[in-house]
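Worksheet for the structure shown next.
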Amino acid sequence: MAAPRKIGIIGAGTMGSGIAQKTAQSGLDVILMDLEQAAVDRGLGGIEKMLNKGVERGIFRPGQPEAILGRIKGTTKHADLKDCDLIVEAVFEDLEIKRNLFAALEAHVRPDTVLATNTSSFKVEKVAVGLAHPERVIGLHYFFHPAQNRLLEVIPGPQTSPKTLEAAWAFCEATGKTGIHSEDSPGFVVNRFFVPWVNETVRLLEQGVADLPTIEATAKKLLGIGMGPFELMNVTGVPISQHAASGLASELGPFYAPCDRLKEQVSSGKDWDLKGEATEKGAADVEKRYVGLVLMVAAALVEEGVSSIEDIDIGAMVGLRWRRGPFALANSIGVEKAVAAAAEVAAMYNLPLPKMLAEKKEDLKPFNIRAANLNIKDGIATITMNRPNAMNALDPDTVASLAEAFDTAAADPAVTGIVLEGRGKAFVAGADIKFFINAIDAGDIPRIVDFTRTGHELFLRIDQCTKPVVARLNGMALGGGAELALACDAIVADQGAVLGFPETGIGIYPGLGGTQRLAKRCGLGVARYLVFTGDIVPAAKAASLGLVDRVAQSGESGQVVQALLKEGVVKAGTGAGELANAGEEKAACEALFSDQNVDKFLSGSFEATDKFGEKAAKKIKSKAPIALKLANDLMNQALALPIEAGVEKELAVLADVFSTEDAREGLGSVGKARPQFKGK
Ligand SMILES: NC(=O)c1ccc[n+]([C@@H]2O[C@H](COP(=O)([O-])OP(=O)(O)OC[C@H]3O[C@@H](n4cnc5c(N)ncnc54)[C@H](O)[C@@H]3O)[C@@H](O)[C@H]2O)c1
């Protein structure tokens with residue numbers, strides 16, 4: 001089944017118009033429906049305004065808003081949705097309205113059209129009641145503002161078919177969302193702990209634990225958020241918090257019910273008065289309560305099987321922009337303290353302490369938040385890099401987690417193929433720059449060498465695995481991410497993915513096998529072009545360079561990978577470009593980056609005769625000279641060396657490059673001003 005391409009959005013209000021915008025921004029065709037033309041026009045007008053603001057802020061180029069709006073057609077008729085592959089409803093939060101809407105749509109759409117509900121408070125199962133095809137109904141819960149907030153909760157009901165679920169995930173990925181899984185349970189994942197967290201904020205005030213400014217400031221500091229819970233209630237409207245709490249309480253019991261002080265505030269019709277200075281009085285108790293509360297609810301979610309530790313933390317970080325999710329927060333303050341705080345909250349509200357927390361009293365190891373998740377289905381092991389907030393950057397913990405997942409999959413006799421992929425907008429955006437900087441500043445370059453050696457060992461195991469391994473690039477694959485992909489037998493990229501080796505622009509060289517595997521796979525011309533210029537290339541160009549084996553339409557790379565593995569196209573031991581179909585781009589690189597030209601490029605004496613040469617020469621001049629030279633030497637040796645020996649060469653000069661002033665300058669410049677390299 002192809003990924004959904006034609007999308008219907010029903011309800012052109014706050015959420016519907018934002019969902020329509022994001023979907024059209026992702027290149028998909030949208031039909032936006034509301035009851036009245038005036039509502040449709042309001043929705044479209046709102047989208048236009050937001051897109052134009054995006055141009056002012058440099059997010060969109062001039063002309064882009066028109067192209068995006070051109071993909072959205074407004075309507076007031078159900079019949080116009082007849083060709084849609086997937087429809088998201090974002091109408092009023094009223095069960096009858098939602099059910100009647102889906103029933104009416106069934107008369108027009110195909111039997112396999114997916115019907116998704118953006119409900120916040122009803123079970124997906126209940127929305128599907130009475131339909132001819134309830135298996136096509138799923139929950140897709142967006143967060144405000146849906147064109148900006150990346151989080152999407154994907155909620156199959158008990159009646160949802162696997163095909164519907166697959167289509168919903170493909171849609172999630174095609175629209176650049178970071179999806180988390182939720183079972184069909186009250187509040188799904190994020191609201192289940194966010195709503196009681198807001199309610200508890202008011203309870204802390206009610207119980208006199210601290211004054212309002214202190215509670216507000218403590219929440220901001222603890223969670224790293226710009227807006228505290230009281231201000232947030234003012235912005236969204238205080239009654240929404242009461243309403244959400246009542247909704248959860250009706251399903252889950254009195255602990256979730258709005259406290260009296262919250263109800264009073266709503267009755268007063270006033271916003272919270274935020275004036276006043278925060279003090280230290282009560283701050284520690286506020287912090288303890290927050291940590292205990294969110295941990296207790298999050299653990300209940302895991303115990304009930306609603307979601308996983310990883311997805312809960314991702315939900316908090318991506319959806320609420322908390323610095324850490326409940327489990328990482330507990331790890332950061334210490335498991336013993338956090339579990340004791342959760343136990344106090346449980347006792348205070350007469351709730352059972354979830355078993356996973358009770359057990360922690362015996363075993364005080366930190367919560368295991370896996371940076372790489374392993375999921376085995378139908379003989380195919382999928383390993384998902386799981387730190388979307390850090391763009392899945394490789395640090396020692398992430399590499400250890402990836403190694404554990406990979407080794408488990410490789411050793412499992414039931415596994416016939418392995419897929420590596422990333423969550424969110426990156427496959428892997430590179431190695432963790434912060435880790436490098438910290439090690440350099442601590443005078444501990446051997447730590448970088450050790451980390452790289454561990455990476456090499458893992459990449460060699462991937463390279464030499466007796467099962468076929470495919471890298472599925474859903475987004476950015478830069479530096480160490482591109483090198484990880486190169487260690488696989490095949491590389492499949494979403495059409496929106498990009499690849500690149502930006503290292504020489506930050507004072508280092510690709511040190512995780514990049515100087516070796518790139519030359520082996522694509523030839524020296526392409527390897528020199530990518531490593532010297534640092535160009536970040538889109539998937540289609542990467543395919544023409546021989547760097548990517550297949551380019552898939554947005555949202556379809558998963559299916560392409562499955563088909564390649566099932567049909568036996570990818571075999572263990574390929575990966576040196578056997579499946580690639582290089583074209584013009586590769587030929588152009590071979591001509592420009594010939595042996596004769598390389599010295600001229602590196603000495604700055606290259607005289608360009610065309611645009612490609614001119615641009616390349618200019619870019620190369622801005623790179624770190626020592627890194628360029630070392631990379632050049634290493635690439636020149638690559639074709640004559642077996643990979644094991646090649647990576648040893650790469651490792652042997654790693655400390656040299658990381659000891660340069662240029663490395664510190666380059667690494668420190670990331671996200672800041674252009675680095676000034678001195679060649680030392
Ligand atoms: N606002 C949020 O932050 C948020 C977040 C997540 C989910 N949700 C959910 O999203 C849904 C929509 O919320 P909203 O805030 O966008 O509401 P809204 O009131 O801004 O918009 C609802 C729109 O739906 C239209 N509508 C109502 N019945 C319709 C029908 N039968 N056919 C076509 N159009 C119809 C209305 O005219 C209105 O334009 C609700 O289910 C809500 O719970 C909201």
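From a predicted model like this one, the values you see are computed outputs, not experimental measurements. Just so it is clear, the values below take in all heavy atoms, side chains as well, and ignore hydrogens, waters and symmetry mates. Just so you know, ligand 1 is whichever comes first in the structure, and atom 1 is the first atom listed for that ligand.
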**Pairwise distance NZ(Lys73) to CG(Leu81) - rounded to 0.5 angstrom** = 13.0 Å
Of the side chain and backbone of [X], name the one, both, or neither that has a heavy atom under 4.0 Å from an atom of ligand 1.
X: Lys98; value: side chain
X: Phe143; value: neither
X: Leu35; value: both

**Asked** Listed by chain and number, what are the ring-ring contact (aromatic ring centres under 6.0 Å, His included) partners of Phe255, not counting sequence neighbours?
**Response** Tyr349
Closest protein heavy atom to [atom], given as residue, atom name and distance to 0.1 Å:
atom: atom 5 (C) of ligand 1; value: Met15 CE, 3.4 Å
atom: atom 11 (C) of ligand 1; value: Val91 O, 3.2 Å
atom: atom 22 (C) of ligand 1; value: Ala90 O, 3.6 Å
atom: atom 9 (C) of ligand 1; value: Asn118 O, 3.3 Å

**Request:** Determine whether any heavy atom of His141 lies closer than 4.0 Å to an atom of ligand 1.
**Result:** yes
Short N or O distance, [X] and ligand 1, threshold 3.5 Å exclusive:
X: Ile97; answer: no
X: Thr14; answer: yes
X: Ala39; answer: no
X: Glu93; answer: yes

**Prompt:** Looking at Phe193 versus Trp322, is the centre-to-centre ring distance below 6.0 Å?
**Reply:** yes
**Asked** Looking at His141 versus Phe143, is the centre-to-centre ring distance below 6.0 Å?
**Response** yes
**Asked** Which class fits the ring pair Trp197 and Tyr290: parallel under 30°, tilted 30 to 60°, perpendicular over 60°?
**Response** tilted
**Message:** Tell me whether Glu304 is salt-bridged to Arg192, with the criterion being a basic N under 4.0 Å from an acidic carboxylate O.
**Reply:** yes
**Prompt:** Between Arg150, Arg423, Arg472, Lys425, which is the residue that forms a salt bridge (charged side-chain N to carboxylate O under 4.0 Å, His left out) with Glu173?
**Reply:** Arg472
**Prompt:** Do any non-hydrogen protein atoms sit less than 4.0 Å from atom 17 (O) of ligand 1?
**Reply:** no
**Prompt:** Any side-chain heavy atom of Glu93 sitting closer than 4.5 Å to one from Ser121?
**Reply:** yes
